Amino acid sequence: MMKHLRMKTAALAFALVMTVGAMSQPVLAASGSISDLMNRAATVTAAVQEESATAQPLPTEPSSAEPAFTQGMIIGGTINVRSGPSTNCDRITQVMTGKLVTVLGTDNGWYQIQFGDTTGYVLGDYLKEYDPGAASAIGTQIVEMAMQYMGVRYRSGGSSPNGFDCSGFTMYLYGQLGYSLPHTATGQYKNCGTYVAKEDLQPGDLVFFSDSSHAIGHVGIYIGGGEIIHARSSTGCVTTNSLSMSYYVNRYVGAKRIA
C-alpha cells in the first residue's frame with residue numbers, strides 16, 4: 001500500500017515538472033509525503049504568477065495609417081471634429097473652412113488631426129492638403145476679384161454685387177472659390193483661417209478692426225503695398241485705403257489667412 005502511494009506521488013511530481021518547464025526549478029521527488037509535494041507545488045505556482053506579472057505586454061498597432069500629407073486645411077463650412085473615426089463617436093468641437101491642422105493619420109476615410117491642444121477626427125471630404133504656394137495664388141485671385149467690385153454700393157446686410165457690407169463682401173469673394181465664411185466680422189475672426197502677424201500679411205489675408213461699439217466691428221482684404229479693399233459704410237461703397245491711416249492704425253485688431 002505504501003509502495004503504491006509513493007509511486008503515485010512520484011508520477012504527480014513528474015507531471016508538475018513537465019507543466020512548469022523551464023520557468024521554475026524541478027520539483028521531482030521520487031519519495032516523500034503528499035504534503036511535501038503540495039508545498040513544492042505552491043512554490044511553483046507563486047513563481048509562475050510572478051513571471052506572468054512581470055511579463056511585458058505586446059506592442060499594439062497604431063489605429064491610423066500613415067497619411068499622404070501632414071498639413072491640411074478644413075473645407076466645406078462648419079465641420080464636426082469627433083473623438084473617433086465614425087459619426088457615432090462624440091463630437092469634440094467644430095472647425096470652419098480655412099482652419100489649418102496637422103494630419104496625424106487616416107482611418108477608413110477619416111483623418112486624425114491636431115490643432116493646438118485638440119486631437120480628433122474629421123471626415124476626409126472636409127480636409128484637403130495645404131500647400132502654401134497654392135494658398136498665395138488663391139490670395140491673388142481674391143484680390144483680383146475684389147478689385148472688380150470697386151465702387152459697388154455699401155448695403156447693410158448685403159452679400160452680393162447688388163450691395164455689400166464689410167463681412168458680406170469677404171464672405172462673397174471667398175465663397176466664389178468654395179470657402180464658407182460666416183456673415184459677421186467677429187465670426188470670421190474667431191472661427192476662420194489662421195492668425196497672421198501684421199508684418200507677415202499677404203494679398204488675400206483678412207484684416208480686422210474694432211469700432212466704437214464692437215471689439216471686432218469691421219473686416220477688409222489686404223491687397224498688398226500696405227493697402228486694403230473693403231466695403232466701407234462711411235464712403236458708401238467698396239473702396240481702398242491705406243493701413244497707415246491713423247484710423248486703421250488705432251483700430252487694428254489682427255489678421256487671418258483663409259487659404
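These numbers were taken from a predicted model, which means no experiment stands behind them.
For N108, there are no side chain to side chain donor-acceptor pair (under 3.5 Å) partners at least two apart in sequence or on another chain. Every residue two or more places apart in sequence or in another chain that forms a ring-ring contact (aromatic ring centres under 6.0 Å, His included) with F208 is listed here: Y189.
Under the 30°/60° scheme for interplanar angles, the aromatic rings of Y111 and F69 are found to be tilted.
Rounding to the nearest 0.5 Å places OG1 of T194 at 8.0 Å from OH of Y130. The distance from the CD atom of E66 to the CG atom of L104 is 10.0 Å, given to the nearest 0.5 Å. With values rounded to the nearest 0.5 angstrom, C237 atom SG is found 15.5 Å from Y149 atom OH. Atom CD1 of I258 and atom CD1 of I221 lie 10.0 Å apart (nearest 0.5 Å). To the nearest 0.5 Å, atoms OH (Y252) and CE (M245) are separated by 16.0 Å. Between the CE atom in M171 and the CD atom in Q176 there is a gap of 10.0 Å [rounded to 0.5 Å].
V196 and F115 are members of different hydrophobic clusters when ILVMFWY side chains are connected at heavy-atom separations under 4.5 Å. Connection of I228 to I216 is not established within any shared hydrophobic cluster, with ILVMFWY side chains joined at heavy-atom distances below 4.5 Å, either directly or through further cluster members. Placement of L123 and V101 within a single hydrophobic cluster is found when ILVMFWY residues are connected by side-chain heavy-atom separations under 4.5 Å, directly or transitively. Hydrophobic cluster membership is shared by L177 and Y172, with clusters built from Ile, Leu, Val, Met, Phe, Trp and Tyr side chains linked at under 4.5 angstrom.
Counting only distance, with no hydrogens or angles, the side chain of S83 and the backbone of C89 share no donor-acceptor pair below 3.5 Å. Here the side chain of R153 pairs a donor or acceptor atom with the backbone of N162 at under 3.5 angstrom. Judged by distance alone, the side chain of D107 and the main-chain N or O of W110 form no donor-acceptor pair under 3.5 Å. In this structure a side-chain-to-backbone donor-acceptor pair under 3.5 Å is missing from Q202 to G139.
In this structure, the side chains of I229 and V238 come closer than 4.5 Å at one or more pairs of heavy atoms. Using a 4.5 Å heavy-atom threshold, the side chains of N80 and R91 count as touching. Taking the side chain as every heavy atom from C-beta outward, Y179 and I138 approach each other to under 4.5 Å. Counting heavy atoms from C-beta on, the side chains of T102 and Q71 come closer than 4.5 Å. Residues L206 and L181 form a side-chain contact, since some pair of their non-hydrogen atoms from C-beta on lies under 4.5 Å apart. Counting heavy atoms from C-beta on, the side chains of V152 and F169 never come closer than 4.5 Å. Contact annotation: the side chain of R155 never approaches that of F164 to less than 4.5 Å [non-hydrogen atoms, C-beta and beyond]. In this structure the side chain of L243 reaches within 4.5 angstrom of the side chain of Y222, judged on heavy atoms.
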Practice task
Kindly determine whether D211 and R251 satisfy side-chain contact (heavy atoms from CB on, under 4.5 Å), including the steps that lead there.
Solution key: CA-CA 7 Å; D211 62 19; R251 291 167 173 78; 5.6 Å; no
Handout entry: Verdict with supporting geometry, Q188 and T170, side-chain hydrogen bond (donor to acceptor under 3.5 Å, both in side chains)
Key = CA-CA 9 Å; Q188 292 178 13; T170 54; 2.9 Å; yes
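For the residue pair M73 and A259, the shortest heavy atom distance occurs at SD-CA, 3.8 Å. The minimum heavy-atom distance linking S167 with H183 is given by the pair OG-CD2, 3.1 Å. Across every non-hydrogen atom of C166 and V219, the tightest pair is CB-O, 3.5 Å. Closest approach of M145 to L173, counting heavy atoms only: CE-O, 3.5 Å. Counting all heavy atoms, side chain and backbone alike, V207 lies closest to A255 at CG1-CB, 4.0 Å. Scanning all heavy atoms of the two residues, the minimum distance from Y154 to R232 falls at CD1-C, 3.8 Å.
A donor-acceptor pair shorter than 3.5 Å cannot be found between the side chains of T186 and T184.
Of the candidates N241, T235, T239, D165, N241 is the only one forming a side-chain hydrogen bond (donor to acceptor under 3.5 Å, both in side chains) with H230.
Screening residues 185-206 for salt bridge (charged side-chain N to carboxylate O under 4.0 Å, His left out), with sequence neighbours left out, gives D205-R257.
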